[in-house]
There are 2 protein chains.
Amino acid sequence: MSIKRKTKSLSIILSIFENRDAALSVVDLVEELKGDMNKTTVYRILERLENEGTIHSFSGTNGLKWYAKCHQCSSGHHNDVHPHFECKDCGKVECLEVNISIPNFENRNIYTADILLKGQCTDCLS
Amino acid sequence: MSIKRKTKSLSIILSIFENRDAALSVVDLVEELKGDMNKTTVYRILERLENEGTIHSFSGTNGLKWYAKCHQCSSGHHNDVHPHFECKDCGKVECLEVNISIPNFENRNIYTADILLKGQCTDCLS
DNA sequence: AATATATTTGCAACCAAGTTGCATTAACGA
DNA sequence: TCGTTAATGCAACTTGGTTGCAAATATATT
């Protein structure tokens with residue numbers, strides 16, 4: 001385990017997640033933080049926060065990496081069975097606090113389930 | 001719609017999917033077909049077959065693109081609600097012919113659901 | 001407060017998946 | 001067989017993400 005230091009870059013990223021509820025793509029985050037820190041630093045801090053259980057990552061459309069605040073995740077074990085939702089109109093991505101039930105398979109063990117739902121969000125429904 | 005010609009490259013790729021039931025990553029396919037055709041051609045033929053409803057694509061770990069034979073898909077409308085399974089041990093990826101039920105959300109419309117399950121396959125369970 | 005030491009950061013170079021433009025080749029109908 | 005047009009190869013490019021290493025910075029110790 002790496003020792004953690006409360007650096008400036010870390011607090012910037014932390015505060016971004018604290019003030020926002022929707023998920024953030026790494027690409028957007030790197031863009032937003034251009035000027036504040038290097039993209040390598042962004043990637044490394046996100047990785048660290050994920051290991052600590054503060055945020056969790058998942059794949060959006062085209063395999064882009066997204067991160068979102070953890071609500072029920074603890075360090076080491078992420079409670080990953082909630083789906084992620086991506087709005088096809090505005091591009092917003094968010095966690096849905098719903099449990100999707102995955103059936104049991106006789107001849108397989110399922111360890112994780114990544115579920116990406118796409119459609120229209122509340123704002124774009126009108 | 002593009003006119004379709006039965007070319008050599010096309011039949012090679014078609015026969016690969018006919019003879020195999022598991023899904024194929026584009027990367028593996030490009031590697032396997034090195035010598036037969038260019039990677040650009042592979043990408044283009046896969047795209048075409050997907051548009052025709054012969055195969056369907058989805059994202060695996062790290063956002064890698066995979067393709068699998070369609071069983072219940074028709075041109076234009078893919079019946080996409082079956083999950084894909086990736087074995088964490090041998091790397092095999094396959095379609096599971098099971099329907100995962102997605103709940104309805106009051107304030108959202110869900111159009112598609114991409115579900116990637118990871119675990120151990122039959123062969124790797126022992 | 002100054003110093004030592006270990007972690008973070010920036011930078012530049014790199015890697016891999018996937019895309020594009022364009023000239024060449026090959027299907028196929030006439 | 002020839003002409004048209006789609007399919008292909010190639011090389012260059014784009015983009016998301018990673019790596020190695022030197023420079024900077026946080027923290028403990030004195």
Side-chain angles (χ1 to χ4, degrees), chain A residues 1-17 23-52 54-68 75 84 86 91-93 114 116, chain B residues 1-17 23-68 75 84 86 91 93 114 116:
Chain A
M1 292 292 162
S2 58
I3 294 180
K4 42 181 175 176
R5 288 181 176 171
K6 202 177 293 178
T7 67
K8 195 170 180 181
S9 304
L10 178 66
S11 357
I12 292 177
I13 292 190
L14 268 179
S15 73
I16 288 181
F17 279 100
L24 278 160
S25 77
V26 182
V27 173
D28 287 347
L29 209 39
V30 166
E31 176 61 31
E32 188 174 333
L33 291 172
K34 191 164 289 174
D36 288 317
M37 72 194 79
N38 190 270
K39 76 167 172 176
T40 312
T41 304
V42 177
Y43 277 98
R44 289 194 275 227
I45 290 181
L46 291 172
E47 186 186 19
R48 183 169 136 185
L49 290 178
E50 180 167 31
N51 289 337
E52 290 171 4
T54 310
I55 56 180
H56 63 278
S57 70
F58 56 95
S59 289
T61 300
N62 298 124
L64 278 222
K65 202 166 193 181
W66 290 76
Y67 280 93
S75 175
H84 295 101
E86 184 168 344
K92 185 170 59 184
V93 172
D114 297 332
L116 182 64
Chain B
M1 291 288 160
S2 57
I3 295 180
K4 41 181 176 180
R5 290 179 173 171
K6 202 177 293 178
T7 68
K8 195 171 181 180
S9 304
L10 177 66
S11 358
I12 293 177
I13 291 189
L14 268 179
S15 73
I16 288 180
F17 279 100
L24 279 160
S25 78
V26 182
V27 173
D28 288 347
L29 210 40
V30 166
E31 176 61 31
E32 188 174 333
L33 292 172
K34 191 165 290 175
D36 288 316
M37 72 195 78
N38 190 270
K39 76 167 173 174
T40 310
T41 305
V42 177
Y43 277 99
R44 288 194 275 228
I45 290 181
L46 291 172
E47 187 186 18
R48 182 169 135 185
L49 290 177
E50 181 167 31
N51 289 337
E52 290 171 3
T54 311
I55 57 180
H56 63 278
S57 71
F58 56 94
S59 289
T61 299
N62 297 123
L64 279 222
K65 202 166 192 181
W66 290 74
Y67 280 94
S75 175
H84 295 101
E86 183 167 345
V93 172
D114 297 333
L116 182 64

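In what follows, every chain begins at residue 1, and chains take the letters A, B, ... in the order their sequences are listed.
Annotation: of the two residues near DNA chain C, B/K6 and B/G63, the 5′-most nearest-nucleotide partner is B/G63. Between A/M37 and B/K39, the residue anchored closer to the 5' end of DNA chain C is A/M37, taking for each the nucleotide with the nearest heavy atom.
To the nearest angstrom, P of C/dC15 lies 18 Å from CG of B/N62. Rounded to whole angstrom, the span from the CD atom of B/E31 across to the C1' atom of C/dA16 amounts to 13 Å. The OH atom of A/Y67 sits 9 Å away from the P atom of D/dG17 (whole-angstrom rounding). As rounded to whole Å, 13 Å separates atom P of C/dC22 from atom CZ of B/R44. The interatomic distance linking A/L10 (CG) with D/dT25 (C1') rounds to 14 Å, in whole Å. Following rounding to the nearest Å, A/I12 (CD1) and D/dT25 (P) show an atom-to-atom distance of 13 Å. The NZ atom of B/K8 sits 17 Å away from the C1' atom of C/dC28 (whole-angstrom rounding). Atom pair A/L29:CG and D/dT15:P shows a separation of 19 Å (rounding to whole Å applied).
Across all strands, B/V27 comes closer than 4.0 Å only to sugar-phosphate atoms, never to a base (heavy-atom distances).
Nearest nucleotide to the side chain of A/T40, out of C/dT8, D/dC10, D/dT18: D/dT18. Looking at the side chain of B/N38, the nearest of the listed nucleotides D/dG16, D/dG9, D/dT8 is D/dG9. The nucleotide whose nearest atom lies closest to any side-chain atom of A/R48 is, among C/dT8, D/dT8, C/dT9, C/dT8. Of the candidates C/dT9, D/dT8, D/dA26, D/dA26 carries the atom nearest the A/R5 side chain, counting heavy atoms from C-beta on. Proximity note for A/Y43 (side chain, C-beta onward) versus D/dA7, D/dG17, C/dT9: the nearest is D/dG17. Considering only the side chain of A/K65, D/dG17 comes nearest among C/dT7, D/dT18, D/dG17.
Side-chain atoms of B/D28 and B/S25 include a donor-acceptor pair closer than 3.5 Å.
Once rounded to the nearest 0.5 Å, the distance linking NZ of B/K4 with CG of B/L10 reads 9.0 Å.
Looking at heavy atoms from C-beta onward, A/L116 lies out of side-chain contact with A/V93 at the 4.5 angstrom threshold. The shortest distance between side-chain heavy atoms of A/L46 and A/K65 does not fall below 4.5 Å. Contact annotation: the side chain of A/L49 approaches that of A/E52 to within less than 4.5 Å [non-hydrogen atoms, C-beta and beyond].
Under 4.0 angstrom from either OP1 or OP2 of C/dT9 there lies at least one side-chain N or O belonging to A/T7. Phosphate proximity of D/dG9 to B/T41: present, with a side-chain N or O under 4.0 Å from OP1 or OP2.
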